[in-house]
There are 2 protein chains.
Amino acid sequence: MNIGTASEKSGLPAKTIRYYEEIGLLKADRAGNGYRDYSMSDVHRLRFLQRSRAFGFSVEECRQLLSLYGDSERESADVKAIATTKLGEIDRKLAELTEFRNTLRHLADHCLGNNLPDCPIIDGLSGKSAVQ
Amino acid sequence: MNIGTASEKSGLPAKTIRYYEEIGLLKADRAGNGYRDYSMSDVHRLRFLQRSRAFGFSVEECRQLLSLYGDSERESADVKAIATTKLGEIDRKLAELTEFRNTLRHLADHCLGNNLPDCPIIDGLSGKSAVQ
DNA sequence: GTAATCCTTCCAGTAACTGGAAGTTCAAGG
DNA sequence: CCTTGAACTTCCAGTTACTGGAAGGATTAC
């Protein structure tokens, strides 16, 4: 499939897909006319990249994560270690994001909608994590 | 407190704090010696910024979110609308991140640790969200 | 008093895209 | 078959959000 279709299916702009190829993240086959040609397998990797990036992993981390897709020369144990590390990071992200959501919810529910410029709840909430 | 202390307490590098001041996100008082002087309230905002950025909100979105701290001229209803929108986005992020974690967990648990280069689970998992 | 550390500004560099120009190829309609 | 418009190509410049380092002034520690 062409890059436009791969873009649609993966959620990544065509520009970004070309950029990823340029930096060696995911190289595509070429059709006879010079157009890039993507398989469903490529689309899965692209979608995986889209999510990894969206969740704050750097491109270099994504390069490691991609080895989970078995397209690298890495040792299986090596790849497993990477996955385990990243899983820990994701769990931490999830916990922090949940806490952040609660902060925002409190702010919206208790500190807005009236005309109080200084809400006492705000400092308690936002400071909680800072004072560790 | 000086920028170094504010940096420690907020989790943002001093460089970044100065950058945020430069682009008008959070301006600090100045002490007699010209040093920036931060209050605990500033630190709360900085920490809030640190988290918002880490969770993928752009600097411009952070500018909006900061209005939750009551330091803007915005209408209360306006601010509440922003908060509600962002809450929706965070909920979506949480759902996606959870799904991504599960993908990674499956990959680590079922597709690695042995020497199978092509795992049939991978395609099912990674394609799931792409085919909507 | 002086050395180390922290602060200041300024300017250059980096990561990860993103937009636009100029040209090629393809699919659809006449 | 020809044309027109969309999708593709490469290349280069611009943007966002930092990040590093130089040059110099202020503060703290011995």
Side-chain angles (χ1 to χ4, degrees), chain A residues 1-40 42-43 45-66 86 89 93 96-97 100, chain B residues 1-40 42-43 45-67 86 89 93 96 100:
Chain A
M1 84 190 67
N2 284 348
I3 199 169
T5 312
S7 166
E8 253 177 66
K9 284 187 194 281
S10 67
L12 284 172
K15 277 269 179 190
T16 304
I17 297 176
R18 288 194 200 96
Y19 172 71
Y20 286 168
E21 180 170 328
E22 192 187 318
I23 63 173
L25 256 194
L26 189 128
K27 60 183 183 324
D29 286 345
R30 294 293 175 128
N33 54 13
Y35 285 17
R36 289 171 181 81
D37 184 27
Y38 295 91
S39 65
M40 270 319 281
D42 290 328
V43 170
R45 285 169 169 79
L46 288 170
R47 170 119 193 115
F48 186 81
L49 281 172
Q50 186 275 320
R51 291 191 287 170
S52 311
R53 289 289 302 126
F55 299 139
F57 290 109
S58 72
V59 164
E60 285 318 304
E61 288 176 307
C62 289
R63 211 184 287 274
Q64 293 190 329
L65 284 167
L66 265 189
K86 295 304 172 198
E89 286 174 36
K93 267 181 216 289
E96 284 173 32
L97 188 50
F100 186 64
Chain B
M1 88 189 66
N2 285 347
I3 199 170
T5 312
S7 166
E8 254 177 65
K9 285 186 194 282
S10 67
L12 284 172
K15 277 269 179 191
T16 304
I17 297 177
R18 289 193 199 97
Y19 172 70
Y20 286 168
E21 180 169 327
E22 193 186 315
I23 63 173
L25 256 194
L26 187 127
K27 63 183 181 324
D29 286 345
R30 293 293 175 129
N33 55 13
Y35 286 17
R36 287 171 181 83
D37 184 27
Y38 295 91
S39 65
M40 271 318 282
D42 290 327
V43 169
R45 285 170 169 79
L46 288 171
R47 169 120 193 115
F48 187 81
L49 282 172
Q50 186 274 320
R51 290 191 286 170
S52 311
R53 289 289 301 126
F55 299 139
F57 291 108
S58 73
V59 163
E60 284 319 304
E61 288 175 308
C62 289
R63 211 184 287 276
Q64 294 189 328
L65 283 167
L66 264 189
S67 58
K86 294 305 172 196
E89 287 175 35
K93 268 182 216 287
E96 283 174 31
F100 186 65

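Here is how names work: the chains are called A, B, and so on, in the same order as the sequence lines, proteins then strands, and each is numbered from 1.
The separation between A/I23 atom CD1 and C/dT18 atom C1' is 14 Å, rounded to whole Å. A/I3 has its CD1 atom 17 Å from the P atom of C/dT25, to the nearest Å. Spacing between atom OH of B/Y19 and atom C1' of C/dA15 amounts to 13 Å, rounded to whole angstrom units. In this structure, the CD atom of A/E60 is 12 Å from the P atom of C/dC17, given to the nearest Å. One can place CG of B/L25 at 9 Å from P of D/dA17, the figure rounded to the nearest angstrom. At whole-Å resolution of the value, CE in B/M1 and C1' in C/dC6 are 16 Å apart. Rounded to an integer number of Å, the gap from CG of A/L12 to C1' of C/dC17 is 11 Å. Atoms CD (B/E21) and P (D/dT19) sit 17 Å apart, rounded to a whole Å.
OP1 or OP2 of C/dC17 has at least one side-chain nitrogen or oxygen of A/R53 nearer than 4.0 Å. In terms of phosphate contacts, A/R30 brings a side-chain nitrogen or oxygen within less than 4.0 Å of OP1 or OP2 of D/dT10. Checking the phosphate oxygens (OP1, OP2) of C/dC17, a side-chain nitrogen or oxygen of A/Y20 falls inside 4.0 Å. Considering only side-chain N and O atoms, B/T16 lies under 4.0 angstrom from the phosphate OP1 or OP2 of D/dT19. The side chain of A/S58 contributes no N or O atom lying less than 4.0 Å from OP1 or OP2 of C/dA15. For the OP1/OP2 pair of C/dC7 and a distance below 4.0 Å, the side-chain nitrogens and oxygens of B/R36 include no atom meeting the criterion.
In this structure, of C/dA16, D/dA17, D/dT9, it is C/dA16 that holds the atom nearest to the side chain of A/V59. Checking C/dT18, C/dG19, D/dG21 against the side-chain heavy atoms of A/P13 singles out C/dT18 as nearest.
When side chains are defined from C-beta on, A/F57 counts as touching A/K93, because their heavy atoms get closer than 4.5 Å. For the pair A/Y19 and A/L12, the minimum side-chain heavy-atom distance is 4.5 Å or more. Using a 4.5 Å cut-off on side-chain heavy atoms (C-beta onward), B/E61 and B/K86 make contact. The shortest distance between side-chain heavy atoms of B/R53 and B/T16 does not fall below 4.5 Å. The side-chain heavy atoms of B/F100 and A/S52, taken from C-beta on, include a pair separated by under 4.5 Å.
Shown here for B/D37 and B/A28, the closest heavy-atom pair between the two residues is O-CB, 4.2 Å.
A/Y38 pairs with exactly one of A/I17, A/N2, A/T5 by the side-chain contact (heavy atoms from CB on, under 4.5 Å) rule, that one being A/I17.
Nearest-nucleotide positions on DNA chain D place A/D37 closer to the 5' end than the other of B/F57 and A/D37. Each of B/N2 and B/K15 has a nearest nucleotide on DNA chain C; the 5'-most of these lies closest to B/N2.
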Could you go through nucleotides 23-26 of chain D and list every protein N or O atom that sits under 3.5 Å from one of its N or O atoms, giving the distance for each pair?
residue : atom : partner : partner atom : Å
D/dG25  : N2   : B/Y35   : OH           : 3.2
D/dA26  : O4'  : B/Y35   : OH           : 3.4

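Looking at B/R63 and B/E60, a side-chain N of the basic residue comes within less than 4.0 Å of a carboxylate O on the acidic one, giving a salt bridge.
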